[in-house]
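Here is the structure we will look at.
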Amino acid sequence: MSALSKGTLREAPPSGRIEVVTFGCRLNTYESEVMRREAETAGLGALEGGAVIFNTCAVTGEAVRQARQAIRRARRDKPRARIIVTGCAAQTEPEKFASMDEVDLVLGNEEKLHAHAYRALPDFGVNDTEKARVNDIFSVRETAGHMVDAIEGHARAFVQVQNGCDHRCTFCIIPYGRGNSRSVPMGAVVEQVKRLAGNGYCEIVLTGVDMTSFGADLPGAPRLGRLVKTILKQVPDVRRLRLSSIDSIEADDDLLDALATEPRLMPHLHLSLQSGDDMILKRMKRRHSRDQSVRFCEDVRKLRPGIVFGADIIAGFPTETDEMFENSEKIVEQCGLTHLHVFPFSPREGTPAARMPQLPRDVVKQRAARLRAAGETAYRRHLSSLSGTRQSLLIERGGLGRTEGFTLAAMATGKPGDIVEAHITGHDGARLIAAPLAAHAA
């Protein structure tokens with residue numbers, strides 16, 4: 001699952017209200033809306049001083065550090081607020097957060113989605129054990145379709161289709177924060193998409209921890225491609241449907257057919273590649289080879305010319321030699337990657353990779369910098385290729401928008417959530433420069 005390194009602080013509500021600080025992935029963003037509703041149902045909005053809920057990420061040690069730093073800052077800024085910590089880092093390291101004097105309650109990833117857990121907010125002065133309410137995430141067998149009406153602060157809406165992961169990549173702590181793979185029933189997903197589209201969202205993003213494993217635990221074992229086709233058929237109001245991170249080795253025929261034939265399915269895939277070297281992929285316990293990744297990108301481009309690929313790649317995995325790293329550098333061009341998420345390897349306690357021979361930190365950082373540079377070169381080349389073209393932009397905040405291929409563009413007009421037809425006049429190295437078609441014609 002792709003993760004963001006920084007928390008997204010929503011617009012601060014008035015004193016006495018509920019504030020949610022979200023770190024990490026799109027699934028966390030979706031769940032934060034469920035959490036806000038359940039916390040309000042539990043009455044936290046009526047608390048004197050309000051409540052601040054942290055929905056944390058555990059994908060890297062840096063993500064955990066940032067969450068702890070933000071918690072301390074929140075206590076300084078809001079000394080009377082009740083502080084609740086949940087999310088993947090709280091699930092995997094509850095003691096670390098319960099031991100913080102600033103924290104009033106620690107909830108697990110399952111508990112955070114239910115009002116009764118927030119009603120268990122203890123009185124001040126309890127011990128660390130009483131603070132933590134974190135159960136065994138592997139005992140959770142189903143994922144309910146929690147309905148939300150909006151995704152606050154976002155121009156596009158996120159919809160959960162799946163949670164957890166059955167795979168055990170040697171570097172990854174996330175299964176211990178999310179549990180085993182479990183799918184949201186297809187009807188519940190379609191109903192949630194209808195609800196959000198009916199509330200004015202033009203773009204819906206399907207998200208999960210291991211999204212391409214969707215359906216394996218449901219009656220009839222429907223695949224992700226069938227879900228995508230069903231949404232597009234039953235929800236004609238959805239103008240743009242986007243997929244978050246996928247595992248290319250699990251992409252099914254219906255999904256590929258939808259990419260080839262459904263213009264409302266966006267031409268953008270973010271791949272969980274992690275490395276471009278076969279030996280490192282084996283040591284990571286990934287299920288694809290280098291050649292399979294390259295062939296997948298080639299095959300999908302034939303089905304959907306112009307499709308844009310992003311990818312997660314880890315730099316400096318244990319035992320990675322210079323030659324192995326160079327294979328990761330080369331795959332950026334060989335797969336035609338445009339949006340690169342580079343993660344310097346971060347050993348997570350409890351994972352097999354943390355016990356492997358580690359590389360010096362300066363080597364890890366240098367390799368991450370080289371990968372980012374390769375990604376930036378590829379991205380600028382992509383920006384140049386779009387100059388002079390016509391693009392449909394979903395307008396976000398701050399005068400920005402996104403193309404169908406998820407490329408960032410500066411756009412002076414349009415309201416957040418609108419889709420605007422624009423002419424690309426150039427780029428500044430970081431984003432496209434766009435003008436409304438009418439203005440360009442004038």
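Numbers here simply count residues along the sequence, with the first being 1. For the numbers below, each heavy atom of this structure counts, side chains included, while hydrogens, waters and symmetry mates do not.
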Begin from the C-alpha positions of Lys229 and Asp254 and carry the test salt bridge (charged side-chain N to carboxylate O under 4.0 Å, His left out) through to its verdict. CA-CA 8 Å; Lys229 286 186 172 181; Asp254 273 340; 3.2 Å; yes
For the pair Leu371 and Val332, evaluate side-chain contact (heavy atoms from CB on, under 4.5 Å) and give the outcome as yes or no after the intermediate values. CA-CA 8 Å; Leu371 267 180; Val332 175; 4.3 Å; yes
side-chain contact (heavy atoms from CB on, under 4.5 Å) between Cys202 and Arg240, worked out: CA-CA 6 Å; Cys202 292; Arg240 291 165 55 146; 5.7 Å; no
Start with the C-alpha distance between Arg287 and Asp247, add both sets of side-chain angles, then the distance that settles side-chain contact (heavy atoms from CB on, under 4.5 Å), and finish with yes or no. CA-CA 9 Å; Arg287 290 165 298 135; Asp247 200 336; 2.6 Å; yes
Asp237 vs Lys194, salt bridge (charged side-chain N to carboxylate O under 4.0 Å, His left out): CA-CA, chis, key distance, verdict: CA-CA 8 Å; Asp237 290 342; Lys194 284 181 179 177; over 6 Å; no
Go through Gln292 and Ser248 one step at a time and tell me if the side-chain contact (heavy atoms from CB on, under 4.5 Å) criterion holds. CA-CA 9 Å; Gln292 286 173 324; Ser248 61; over 6 Å; no
For salt bridge (charged side-chain N to carboxylate O under 4.0 Å, His left out), just list the numbers for Arg68 and Glu102, CA-CA rounded to whole Å, side-chain angles, deciding distance to a tenth of an Å, and then say yes or no. CA-CA 10 Å; Arg68 286 167 59 85; Glu102 296 88 352; over 6 Å; no
Test log, rule side-chain hydrogen bond (donor to acceptor under 3.5 Å, both in side chains), inputs Gln274 and Ser272: CA-CA 6 Å; Gln274 309 306 345; Ser272 181; 2.9 Å; yes
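In this structure, Asp278 has no side chain to side chain donor-acceptor pair (under 3.5 Å) partners at least two apart in sequence or on a different chain. With sequence neighbours left out, Arg283 forms a salt bridge (charged side-chain N to carboxylate O under 4.0 Å, His left out) with no residue at all. Phe325 pairs by the ring-ring contact (aromatic ring centres under 6.0 Å, His included) definition with nothing, not counting sequence neighbours. A search for ring-ring contact (aromatic ring centres under 6.0 Å, His included) contacts involving His268 returns His339, Phe406, not counting sequence neighbours.
Between Arg242 and Glu203, at least one side-chain nitrogen of the basic residue sits less than 4.0 Å from a carboxylate oxygen of the acidic one, meeting the salt-bridge criterion. Using a 4.0 Å cut-off between a side-chain N of Lys or Arg and a carboxylate O of Asp or Glu, Arg178 and Glu31 qualify as a salt bridge. Remark: Arg370 engages Glu329 in a salt bridge, criterion side-chain N to carboxylate O under 4.0 Å. Salt bridge Glu62/Arg65: present, at least one basic N to carboxylate O contact under 4.0 Å.
In this structure, Met411 CE and Arg431 CZ are separated by 14.5 Å, a value rounded to the nearest 0.5 Å. One finds the CD1 atom of Ile331 at 6.5 Å from the CD1 atom of Ile313 (value rounded to the nearest 0.5 Å). Going from atom OG of Ser346 over to atom CD1 of Ile173 covers 10.5 Å, rounded to the nearest 0.5 Å. Summarising the geometry, atom CZ belonging to Arg36 is positioned 7.5 Å from atom CD1 belonging to Ile18; distances are rounded to the nearest 0.5 Å. From Gln160, atom CD reaches atom CG of Asn163 across 5.0 Å, with rounding to the nearest 0.5 Å. With values rounded to the nearest 0.5 angstrom, Asn28 atom CG is found 7.0 Å from Asn109 atom CG.
The backbone N or O of Ala430 sits nowhere less than 3.5 Å from a side-chain atom of Glu376 that would complete a donor-acceptor pair. Looking only at distances, no side-chain donor or acceptor of Gln192 sits under 3.5 Å from a matching main-chain atom of Val189. Although no hydrogens or angles enter the test, the distance criterion places no donor-acceptor pair under 3.5 Å between the side chain of Thr351 and the main chain of Pro347. In this structure a side-chain-to-backbone donor-acceptor pair under 3.5 Å is missing from Asp418 to Val420. Judged by distance alone, with hydrogens and angles left aside, the side-chain atoms of Arg156 form no donor-acceptor pair with the main-chain N or O of Leu394 at under 3.5 Å. At least one donor-acceptor pair under 3.5 Å links the side chain of Ser244 to the backbone N or O of Leu206. Within the 3.5 Å criterion, the main-chain N or O of Asp277 finds a donor-acceptor partner in the side chain of Ser275. Between the side chain of Thr377 and the backbone N or O of Ala373, at least one donor-acceptor pair lies under 3.5 Å. Proximity of a side-chain donor or acceptor of Tyr118 to a complementary backbone N or O of Glu111 within less than 3.5 Å is not detected. Looking at Asp210, its side chain never comes within 3.5 Å of a backbone N or O of Cys165 through a donor-acceptor pair.
Counting heavy atoms from C-beta on, the side chains of Pro318 and Phe345 come closer than 4.5 Å.
More than 12 heavy atoms of other residues, nucleotides or ligands sit less than 6.0 Å from atom CZ of Arg348. At most 12 heavy atoms of other shown residues, nucleotides or ligands fall within 6.0 angstrom of atom CG in Asp253.
Ring planes of His116 and His114: parallel class, angle under 30° (limits at 30 and 60°).
Side chain to side chain, Ser392 and Glu421 meet the donor-acceptor criterion of an N or O pair below 3.5 Å. Between the side chains of Asn55 and Thr86, not a single donor N or O lies within less than 3.5 Å of an accepting N or O. Looking at Thr22 and Ser32, their side chains do bring a donor and an acceptor atom within 3.5 Å of each other. Judged by distance alone, the side chains of Ser387 and His427 never bring a donor and an acceptor atom under 3.5 Å apart. With no hydrogens or angles considered, a side-chain donor-acceptor pair links Ser181 and Ser213 at under 3.5 Å. Checked by atom type, the side-chain pair Asn135/Glu110 shows no donor-acceptor distance below 3.5 Å.
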Would you tabulate the side-chain donor-acceptor contacts of residues 362-369 under 3.5 Å, counting partners in other chains and residues two or more places apart, or write 'none'?
residue : atom : partner : partner atom : Å
Arg367  : NH1  : Glu320  : O            : 2.8
Arg367  : NH1  : Glu320  : OE1          : 3.0
Arg367  : NH2  : Asp322  : OD1          : 2.6

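The two atoms that bring Val161 and Phe214 nearest to each other are O-CD1, 3.2 Å, heavy atoms only. Closest of all the heavy-atom pairs between Pro344 and Arg361 is CB-NH2, 4.4 Å.
Within the structure, the side-chain hydrogen bond (donor to acceptor under 3.5 Å, both in side chains) test picks out no pair touching residues 294-309 (sequence neighbours left out).
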